[in-house]
Amino acid sequence: MPRRINYAKCHEGILNELVRSKDSSGPFETKAKCLIYAASFGSSFGVEKGRTPLPDKKAEAIRYDIFACQDFEDLICSLAIFATKDIKILESNEDAGDKRVTIFEEFAHCGLERLEAELKGEANKTDGIALLLSKNYSDRVQEDGINWGKIESL
């Protein structure tokens, strides 16, 4: 069984803003879901630019089974394959499990860093993420030269 999922203590502020609570109307229900989004966002910058090692100061870790029981394990495995280009990363041993978790944590750390920078000054983080998604979507259409909107509406 893989170890717990860590995130940097320096990201507790942005996580608290992005996760719904009595003090926040953030877009995510849980820290686990926010970390999943952050890891996906981080990975969108590629393997080298999308991963950042965690600093020594870590917040309270989240049990891996919280991710597994919400069917997030597939994404964690997919990110590991994306990063390593090696199917052996899926082996069911402790070493491979630890590597998968570390890769996920690094993508999430980078994603949180970038989200924090992109959302700085945004009063409503949900609207900020929607604008960010819209911007990334239009950038993708321009880069690919493909009208994804037309394809997705079919």
Side-chain angles (χ1 to χ4, degrees), residues 1-21 26-119 125-126 128-130 132-146 148-149 151-152 154:
M1 172 65 65
R3 60 181 165 73
R4 297 167 70 89
I5 305 276
N6 290 295
Y7 60 93
K9 192 164 185 65
C10 64
H11 295 312
E12 283 186 314
I14 190 72
L15 275 168
N16 288 336
E17 291 180 68
L18 293 173
V19 175
R20 255 179 258 139
S21 69
F28 302 101
E29 295 172 349
T30 65
K31 285 183 181 178
K33 288 181 179 183
C34 186
L35 289 174
I36 287 293
Y37 178 80
S40 299
F41 185 64
S43 73
S44 73
F45 296 96
V47 174
E48 277 95 44
K49 293 181 181 179
R51 287 174 63 189
T52 308
L54 267 68
D56 290 336
K57 289 190 177 184
K58 297 177 183 77
E60 186 175 334
I62 301 170
R63 291 187 336 265
Y64 186 85
D65 65 324
I66 290 174
F67 290 83
C69 74
Q70 294 184 46
D71 293 329
F72 296 144
E73 199 166 26
D74 289 343
L75 178 69
I76 292 169
C77 291
S78 296
L79 290 174
I81 292 171
F82 171 65
T84 64
K85 310 284 188 273
D86 185 0
I87 198 75
K88 290 181 182 177
I89 194 75
L90 299 181
E91 290 178 352
S92 60
N93 60 56
E94 192 172 331
D95 186 49
D98 281 347
K99 286 178 184 174
R100 288 192 300 270
V101 169
T102 297
I103 290 167
F104 172 79
E105 291 170 341
E106 291 174 349
F107 276 126
H109 181 60
C110 178
L112 287 170
E113 284 179 337
R114 290 177 180 259
L115 282 171
E116 200 160 17
E118 292 281 342
L119 299 174
K125 301 299 184 206
T126 303
I129 285 182
L132 187 60
L133 288 171
S134 174
K135 177 185 174 288
N136 285 343
Y137 176 79
S138 66
D139 289 350
R140 190 175 92 191
V141 169
Q142 290 174 358
E143 285 176 14
D144 294 346
I146 299 170
W148 291 103
I151 293 170
E152 290 169 356
L154 294 176

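Note that these values count all heavy atoms, side chains included, but never hydrogens, waters or copies made by symmetry. On a predicted model such as this, the values are computed, not experimentally measured, just so you know.
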| query | If you round to the nearest 0.5 Å, how far is CG of Leu18 from CG of Leu15? | reply | 6.5 Å
| query | Closest approach of Cys10 and His109, non-hydrogen atoms and distance? | reply | SG-CE1, 4.4 Å
| message | Show the nearest heavy-atom pair for residues Ala96 and Ile89, with the distance to one decimal. | response | CB-O, 3.6 Å
| request: Determine the sole option in Arg51, Lys58, Arg3 for which the salt bridge (Lys or Arg N to Asp or Glu O under 4.0 Å) test with Glu105 is passed. | output: Arg3
| task | Step through the shown structure and confirm whether more than 12 heavy atoms of other residues, nucleotides or ligands are within 6.0 Å of CD on Glu29. | result | no
| task | Would you give the length of the straight line joining atom CG of Asn6 to atom CG of Leu35, rounded to the nearest 0.5 angstrom? | result | 10.0 Å
| said: Salt bridge check, Lys88 against Asp86: does any charged N sit closer than 4.0 Å to a carboxylate O? | reply: no
| message | Could you measure the distance from the CG atom of Leu79 to the CD1 atom of Ile36? Nearest 0.5 Å is fine. | response | 7.5 Å
| Which pair of heavy atoms, one from Ile66 and one from Ala32, lies closest together, and at what distance? | CG2-CB, 3.9 Å
| What do the steps show when you test Thr30 against Arg20 for side-chain contact (heavy atoms from CB on, under 4.5 Å), and what is the final call? | CA-CA 7 Å; Thr30 65; Arg20 255 179 258 139; over 6 Å; no
| field | Phe28 and Tyr37 aromatic ring geometry - parallel, tilted or perpendicular at 30°/60° bounds | value | tilted
| message | Let me confirm one number: the SG-CD distance from Cys110 to Glu48, rounded to the nearest 0.5 Å. | response | 12.0 Å
| Which pair of non-hydrogen atoms, one from Leu75 and one from Ser40, has the smallest distance, and what is that distance? | CD2-OG, 3.4 Å
| note | One should read off an interatomic distance between Leu90 CG and Thr84 OG1, to the nearest 0.5 angstrom, of 8.0 Å
| query | In a check of side-chain contact (heavy atoms from CB on, under 4.5 Å) between Val19 and each of Lys33, Lys31, Lys125, which one passes? | reply | Lys31
| Are the side chain of Arg4 and the backbone of Ala61 linked by a donor-acceptor contact shorter than 3.5 Å? | yes
| request: State whether the number of non-hydrogen atoms from other residues, nucleotides or ligands found under 6.0 Å of Asp56 atom CG is greater than 12. | output: no
| message | Nearest 0.5 Å, please: how far is CD in Glu17 from CD in Glu12? | response | 12.5 Å
| message | So that I know where these two stand, are Phe41 and Phe107 an aromatic pair - ring centroids less than 6.0 Å apart? | response | no
| task | Show your working on side-chain contact (heavy atoms from CB on, under 4.5 Å) between Arg100 and Glu73 and close with a plain yes or no. | result | CA-CA 10 Å; Arg100 288 192 300 270; Glu73 199 166 26; 5.6 Å; no
